[in-house]
Enquirer: 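Please find one structure pasted underneath; my questions will follow.
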Amino acid sequence: MSGLVALVLGGSGEVGQELVRELINHPSFSRVVLITRRQLELKSDKTEQRLVDFDKLDDHKEAFEGAQIAFCCLGTTRGKAGAKGFVQVDRDYVVHAARLLKEAACPHFNLVTYSGANKNSFFLYPKTKGEAEAMVTELNFPRLSIFRPALLLCERQESRPMEKVAQIVVRGFDWRNKISVGTDTVARAMIINALEPQSPSKSEEECKVEIFQNNDILRLGID
């Protein structure tokens with residue numbers, strides 16, 4: 001498999017950055033398109049940045065065309081954006097972008113959510129992630145891969161004191177990575193899975209949904 005065009009939503013976050021690096025260095029991908037709201041510093045001839053206003057995505061439909069594989073790593077925090085802003089980014093932006101990709105005939109959509117995603121949860125974070133999963137599933141992509149990592153081990157760009165404490169504690173005793181995973185592992189798992197040959201589906205209209213829990217991500221991403 002060679003010459004694939006990958007589209008990345010959320011290339012400035014921790015998982016997104018690792019994913020873009022992996023895609024750039026992987027010989028199977030000839031072009032990496034980033035959908036961003038601001039210009040990012042990238043030094044690669046394989047990358048193309050398409051700037052959009054996420055509040056007016058319908059004005060940027062052409063930016064979502066031509067992708068053979070799409071990866072969505074969009075996300076923010078309640079502390080940074082507030083409850084309303086968190087839902088807007090982690091659910092509404094994700095679903096709207098996915099819809100535009102489906103309309104542009106993208107055959108494979110990859111979504112990073114959370115190990116506790118549950119649309120029926122009483123808590124904002126898992127509920128929002130679960131709702132995003134359910135709404136994207138309803139779009140009926142030919143292939144949808146949902147990745148549910150546990151606590152992400154990485155150096156955050158913004159300050160998250162409680163998560164930092166959790167990372168320090170987890171690194172000390174979670175030596176078998178039961179409740180944590182590195183962002184580089186998540187990125188590799190997404191790419192490895194995307195490149196795996198698929199058996200013919202029973203029907204062209206059939207939607208294939210794959211859900212990868214933390215242990216599945218570790219199995220794929222750690223060689």
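The first residue in the sequence is number 1, and the count goes up from there.
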Enquirer: Tell me, do Ile146 and Phe212 make a side-chain contact under 4.5 Å, heavy atoms counted?
Expert: no
Enquirer: If you define the side chain from C-beta out and look only at heavy atoms, does anything of Leu111 sit under 4.5 Å from Val94?
Expert: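 They are in side-chain contact.
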Enquirer: Do Leu74 and Phe54 have side chains that approach each other closer than 4.5 Å (heavy atoms only, starting at C-beta)?
Expert: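 They are in contact (side-chain heavy atoms under 4.5 Å apart), so the answer is yes.
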Enquirer: Spell out, yes or no, whether Leu51 and Leu7 are grouped together once hydrophobic residues are joined by side-chain heavy atoms under 4.5 Å, including indirect joins.
Expert: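 No, because Leu51 and Leu7 fall into different hydrophobic clusters, even though each may have its own neighbours under 4.5 Å.
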Enquirer: Taking all atoms of both residues into account, what is the closest heavy-atom pair of Ser12 and Leu40, and its distance?
Expert: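 Taking every non-hydrogen atom into account, CB-CD2, 4.0 Å.
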Enquirer: Check whether any side-chain N or O of Ser30 sits under 3.5 Å from a backbone N or O of Gly3 as a donor-acceptor pair, and report yes or no.
Expert: yes
Enquirer: Determine the minimum heavy-atom distance between Cys73 and Leu19, stating which atoms define it.
Expert: SG-CD2, 3.8 Å
Enquirer: For Val181, is there any backbone N or O sitting under 3.5 Å from a side-chain donor or acceptor partner on Thr185?
Expert: no
Enquirer: CG of Leu220 to CD1 of Ile191: how many Å apart, nearest 0.5 Å?
Expert: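 If we round to the nearest 0.5 Å, Leu220:CG and Ile191:CD1 are 12.0 Å apart.
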Enquirer: For the side chain of Asp90 and the backbone of Thr128, is there at least one donor-acceptor N/O pair under 3.5 Å apart?
Expert: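 No; zero donor-acceptor contacts below 3.5 Å.
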Enquirer: Look at the side chain of Asn118 and the backbone N and O of Gly130, then say whether any donor-acceptor pair between them is shorter than 3.5 Å.
Expert: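 No, Asn118 side chain to Gly130 backbone: no donor-acceptor pair under 3.5 Å.
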Enquirer: When rounded to the nearest 0.5 angstrom, what is the spacing between CD in Gln49 and OG1 in Thr47?
Expert: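 Reported to 0.5 Å precision, the distance equals 6.0 Å.
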Enquirer: Taking side-chain contact (heavy atoms from CB on, under 4.5 Å) as the criterion, tell me which of Leu23, Val20, Val15 meets it with Phe71.
Expert: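 Going through Leu23, Val20, Val15 one by one, the side-chain contact (heavy atoms from CB on, under 4.5 Å) with Phe71 is satisfied by Leu23 alone.
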Enquirer: Would you mind checking if Glu18 and Arg188 are paired as a salt bridge, meaning a charged N to carboxylate O distance below 4.0 Å?
Expert: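 Salt bridge absent between Arg188 and Glu18.
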Enquirer: Does the distance from a Lys or Arg side-chain N to an Asp or Glu carboxylate O, for Arg143 and Glu210, drop under 4.0 Å?
Expert: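 Counted as a salt bridge, because a side-chain N and a carboxylate O are separated by less than 4.0 Å.
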Enquirer: Rounded to the nearest 0.5 Å, what's the gap from NZ on Lys102 to CG on Leu144? Could you check?
Expert: 11.5 Å
Enquirer: Group every Ile, Leu, Val, Met, Phe, Trp and Tyr by side-chain heavy-atom contacts under 4.5 Å, then state whether Leu195 and Ile222 land in the same group.
Expert: yes
Enquirer: Counting the benzene-type ring for Trp, do His96 and Tyr93 have ring centres under 6.0 Å apart?
Expert: no
Enquirer: For residues Asn214 and Ser180, report the shortest heavy-atom separation together with the two atoms involved.
Expert: ND2-O, 3.3 Å
Enquirer: Could you report the tightest heavy-atom contact between Thr76 and Gly85, atom names first, then the distance?
Expert: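 Heavy-atom minimum between the residues: CG2-O, 4.1 Å.
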Enquirer: Under a 4.0 Å N-O cut-off, is there an ion pair linking Arg50 with Glu48?
Expert: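 Judged by the 4.0 Å cut-off on N to carboxylate O distance, Arg50 and Glu48 do form a salt bridge.
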Enquirer: Less than 4.5 Å apart, any side-chain heavy atom of Phe109 and any of Ser145?
Expert: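 Side-chain contact under 4.5 Å: no.
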Enquirer: Do side-chain atoms of Thr36 reach the backbone of Gln39 as a donor and acceptor pair under 3.5 angstrom?
Expert: no
Enquirer: With a 4.5 Å heavy-atom cut-off, do Leu9 and Leu101 have their side chains touching?
Expert: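 Of all side-chain heavy-atom pairs linking Leu101 with Leu9, at least one is under 4.5 Å.
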Enquirer: Could you walk me through whether Glu133 and Thr113 pass side chain to side chain donor-acceptor pair (under 3.5 Å), step by step?
Expert: CA-CA 8 Å; Glu133 288 185 357; Thr113 61; 2.6 Å; yes
Enquirer: What distance do Ser115 atom OG and Ile217 atom CD1 have between them, rounded to the nearest 0.5 Å?
Expert: 8.5 Å
Enquirer: Rounded to the nearest 0.5 Å, what separation is found between the NZ atom of Lys208 and the NE2 atom of His108?
Expert: 8.5 Å
Enquirer: Charged N to carboxylate O under 4.0 angstrom, Asp53 versus Arg37?
Expert: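 Arg37 and Asp53: not salt-bridged.
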Enquirer: Check this for me: Lys119, atom NZ, are more than 12 non-hydrogen atoms of other residues, nucleotides or ligands nearer than 6.0 Å?
Expert: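 For Lys119, atom NZ is not crowded (no more than 12 foreign heavy atoms under 6.0 Å).
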Enquirer: So does Lys127 pair up with Glu131, basic N to acidic O under 4.0 Å?
Expert: yes
Enquirer: Grab the two heavy atoms, one from Ala63 and one from Ile35, that are nearest each other, plus how far apart they are.
Expert: O-CD1, 3.4 Å
Enquirer: Which ILVMFWY residues are connected to Val87, directly or by a chain of links, through side-chain heavy atoms under 4.5 Å apart?
Expert: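 Once heavy-atom contacts under 4.5 Å are chained together, Val87 belongs with Phe86, Tyr114, Leu124, Tyr125.
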Enquirer: Identify whether the distance between the nearest side-chain nitrogen and carboxylate oxygen of Glu103 and Arg99 falls below 4.0 Å.
Expert: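 Yes, Glu103 and Arg99 are salt-bridged.
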Enquirer: List the atom of Ser121, the atom of Pro126, and the distance in Å for their closest heavy-atom pair.
Expert: OG-CG, 3.4 Å
Enquirer: Show the numbers, then the answer: is there a side chain to side chain contact (heavy atoms under 4.5 Å, CB included) between Ile69 and Leu4?
Expert: CA-CA 8 Å; Ile69 302 175; Leu4 290 171; 4.0 Å; yes
Enquirer: Are the side chains of Leu57 and Leu100 in contact, using a 4.5 Å heavy-atom criterion?
Expert: yes
Enquirer: Report the C-alpha distance between Arg91 and Lys129 in whole Å, list the side-chain angles of each, state the deciding distance to 0.1 Å, and finish with yes or no for side chain to side chain contact (heavy atoms under 4.5 Å, CB included).
Expert: CA-CA 7 Å; Arg91 186 193 67 191; Lys129 294 294 189 180; over 6 Å; no
Enquirer: Quick check for you: to the nearest 0.5 Å, what is the distance between Asn193 atom CG and Arg219 atom CZ?
Expert: 8.5 Å
Enquirer: Measure the shortest side-chain to side-chain distance between Phe147 and Asn110 over non-hydrogen atoms and say whether it is less than 4.5 angstrom.
Expert: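 Yes - at least one pair of side-chain heavy atoms lies under 4.5 Å apart.
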Enquirer: Are Cys72 and Val112 close enough that some pair of their side-chain heavy atoms sits under 4.5 Å apart?
Expert: no
